[in-house]
Amino acid sequence: MPRLSAEAEITSVPAPAAGRAEVIRTEKLTKVYPGGVKAVDEIDLGVYEGEIFGLLGPNGAGKTTTTGMLTTTVIPTSGRAWVGGIDVIAQPALAKQVIGVVPQTNTLDRALTVWENLYYHGRFFGMSAKEARAEADFRLEQFRLTDRAKMPVLALSGGMAQRLMVARSILHHPAILFLDEPTAGLDPQSRIALWEILGQLHAQGQTILLTTHYMEEADQLCDRLAIVDHGRLLALDTPGALKRSIDADTVITISADGDLDRLAAMLRDSVAGVDNTQQVDGSVALGVRGSRAALRDVIAVAERGGYAINDISVSEPTLETVFIQLTGKDLRD
Amino acid sequence: MTTATAPVAPTPAVSLRRPLRPTRAAAITAFKALLLRDLTVQRKNLKEFIPRTILQPFLLVFVFTYVFPRIGTGVGGGGGRAAAFSTTLVSGVVGMAIMFQGIQQVALPMVQEFGYTKEIEDRVMAPMPVWMVAIGKVVNGALCGLFSALLVFPIAAVVPATPVHLHVNWPVLLTITPLACLLSASFGLTFGTRFDPRQVPILFGVILIPITFLGAIYYPWTSLSAIKVGGFSWLKWLVVLNPLVYICEGFRAALTRSPHMSLWVVYLVMIGFTAALLYLGIKGFRRRVLS
Ligand SMILES: Nc1ncnc2c1ncn2[C@@H]1O[C@H](COP(=O)(O)OP(=O)(O)O)[C@@H](O)[C@H]1O
Ligand SMILES: [Mg+2]
């Protein structure tokens, strides 16, 4: 039978050295599931204290697996990981003290009421009855759930259940809060409410790691983010820096019928300042650098080629553009 | 602020928002809180728990030891033999009640939690090793088994129309009871981690029914010697795989002077079964919550 891991040696540590402390650190973190799927492939991450860090990637990119490894429920195949300075592989039970987790599925305890879900969570984390009661009351108030306190959790709407999960996950003051696709499946109103909550927590200094496949969410919420696909980390920076990293400063998207390969080739050859072209969903996206005349040229070239233009748009590069440039495909694929 | 020194990440120290507690102390507190949570849930369910626990044993005792003797269909023959049967049945009914709790309180909820609700994940995130969460389930199931034994025992002793001859051997009773409760709850853990919701009918029909019918509830195990093919007591040796046999025989030794299996065998096999089922159950539990 497995045994309790060796007791941690608890000592005072000098104040953090110059530079920001990393609350999460991974080194070549890798997960190969039985059957051979390499879900996470040698990921190196560092998450700073107090930041909202995003893992952005399409379905199957390995976001849940990465979160699972950092929260002790997925056992890494190789590599190392620390949360709050604790080695999650060597000391999972200790690591659980410093993390709060909101998983993708609803894991509220259905045998308990709304209030009891918070109260017993506090008790699990070593709070006295009095402390847990006070924390539960406080969090219900903070998350505007006080009037539901005595309800069974099954009576909550999706948005309320999500708020309760967040309230529960931070009740024990974790050093880091993990949220796996927190807004997937929420109605727009609940999504905005959750963004506000995360903003407030961030303002109070809570370190947050969230995963998402919505680029708007990553763009708006995250201080820094990692773009992942097929288990690999493709880029890691602030949203602004990621968008600036692509050479083009304008994206022209043209939707037309006919041979898009030929259209893309024509545009590359004839329009000044084209940096790259990508084909997505029946349209060609051109990354263009510093050319005001480009739009006119694009239309002229397409018409000369005999294409009927369905739609044309000009935009700033987005994280979507960054993702397309990195992977050659759409985030939604 | 404090943090663990060893092994440390190669980074500046993180200021934790709450001081770390030693792993073992935190795990023990979490485990106690887990039991407290289960107790709360049991208290809420008491209105369902009591009828569900006592109805089946009550009907069993009522039909076999009250109705049958009255209508002249005494099981095990008339007069003294009927009284002997009532006495035999007491230990069987108590053993069965405990065995059922392992299924009701551990296996079935776990099948649901792993199959649909996933709510067990929240307790897995409590600051304790995963195996302790599984042990918590077992302890809760064992306590429910104990409680159900206390509910059912008076029924088996009082309802029969013919006298029940009890003769309590306290040292045996006080050791067999917790052992039986742990064995049944471990049984529930093993099955709860290995079945998915669609297989629950199989759990009942193919596993639980033979276990109860061939669990030495209605007859002492030794009496099966009479069932022979070519001089070999095949049924007697077939049912040694059934954990309920040892539970019922143990209670038979603890509560009555009916013939019973050697106590050495009863204790050894019960401890062996409990250890094996706990091992398999914890392994299954880890496999279900970790990947
Ligand atoms: N328990 C598992 N067993 C086998 N393969 C898995 C398991 N969980 C996830 N995978 C596979 O690993 C890859 C990454 O999955 P996941 O981490 O869930 O991605 P994401 O959360 O980004 O959608 C996918 O190909 C998925 O099919
Ligand atoms: Mg996922």
Side-chain angles (χ1 to χ4, degrees), chain A residues 1-23 25 33 46 49 68 71-75 82 84-87 90-94 96-99 101 103 105-112 116-117 120-121 123-126 168 172-175, chain B residues 1-34 36-38 40-41 44-45 109 112-113 117-132 135 275 278-279 282-283 286 289-291:
Chain A
M1 203 196 292
R3 252 178 284 146
L4 273 178
S5 57
E7 219 152 274
E9 227 179 276
I10 311 283
T11 49
S12 301
V13 166
R20 299 171 73 187
E22 279 179 326
V23 186
R25 166 94 247 157
Y33 282 111
E49 197 162 7
T71 58
T72 76
T73 56
V74 175
I75 296 163
W82 295 264
I86 300 162
D87 183 332
Q91 301 193 296
L94 189 65
K96 285 191 253 187
Q97 284 188 43
V98 301
I99 60 177
V101 187
T105 47
N106 179 335
T107 60
L108 294 171
D109 191 336
R110 292 167 200 207
L112 301 177
E116 285 168 341
N117 261 276
Y120 284 103
H121 184 86
R123 299 301 302 269
F124 293 159
F125 283 84
R168 184 179 66 176
H172 57 287
H173 308 284
Chain B
M1 287 288 141
T2 60
T3 186
T5 46
V8 229
T11 59
V14 175
S15 60
L16 300 178
R17 315 191 112 208
R18 235 178 123 80
L20 269 184
R21 291 169 300 138
T23 308
R24 186 180 298 267
I28 290 169
T29 333
F31 185 76
K32 283 188 201 153
L34 194 66
L36 199 65
R37 176 256 169 213
D38 286 341
T40 306
V41 174
K44 287 189 190 189
N45 293 343
Q112 291 297 322
E113 289 182 358
T117 67
K118 307 286 182 199
E119 56 192 312
I120 189 85
E121 282 180 22
D122 96 73
R123 276 150 273 162
V124 169
M125 291 323 296
M128 57 181 153
V130 169
W131 63 264
M132 280 179 88
I135 296 282
L278 262 185
Y279 174 78
I282 287 172
K283 215 170 120 190
R286 285 176 58 89
V289 298
L290 302 177
S291 47

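Numbered from 1 within each chain, the chains take letters A, B, ... in sequence-line order.
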### Message
For I120(B), which atoms come within 4.5 Å of any heavy atom of chain A: side chain, backbone, both, or neither?
### Response
neither
### Query
Looking at N45(B), T40(B), V289(B), which makes the most heavy-atom pairs under 4.5 Å with chain A?
T40(B)
### Query
Under a 4.5 Å heavy-atom cut-off, does chain B meet the side chain of V101(A), its backbone, both or neither?
side chain
### Task
Spell out, as yes or no, whether a donor-acceptor pair under 3.5 Å connects the side chain of R37(B) to the backbone of H121(A).
no
### Task
With the side chain counted from C-beta on, respond yes when V98(A) and L20(B) share a heavy-atom pair under 4.5 Å apart, and no when they do not.
yes
### Query
With chain B, which of R123(A), H173(A), R110(A) has the greatest number of heavy-atom pairs at distances under 4.5 Å?
R110(A)
### Message
For chain A, which candidate among T29(B), L36(B), D122(B) shows the most heavy-atom pairs at distances under 4.5 Å?
### Response
D122(B)
### Query
So do the side chains of K44(B) and E116(A) get within less than 4.5 Å of each other, counting heavy atoms only?
yes
### Task
Indicate the atoms forming the closest heavy-atom contact of A93(A) with P129(B), along with that distance.
CB-N, 3.8 Å
### Task
Report the distance from atom CE of M125(B) to atom OG1 of T73(A), rounding to the nearest 0.5 Å.
6.0 Å
### Task
Please flag which part of L108(A) lies under 4.5 Å from any non-hydrogen atom of chain B: side chain, backbone, both or neither.
backbone
### Query
Is it the backbone or the side chain of N106(A) that comes under 4.5 Å from a heavy atom of chain B, or both, or neither?
backbone
## Note on the structure
Greatest number of non-hydrogen atom pairs under 4.5 angstrom with chain A, of A26(B), P127(B), A275(B), P109(B), falls to P127(B)
### Query
Roughly how far apart are F125(A) CZ and R21(B) CZ, rounded to 0.5 Å?
8.5 Å
### Query
Tell me, side chain or backbone of V41(B) under 4.5 Å from chain A's heavy atoms, or both, or neither?
side chain
### Message
Can a donor-acceptor pair be found, under 3.5 Å and without considering hydrogens, that links the side chain of K96(A) to the backbone of V124(B)?
### Response
yes
### Query
Can you find a pair of side-chain heavy atoms, one from T105(A) and one from E121(B), that are under 4.5 Å apart?
yes
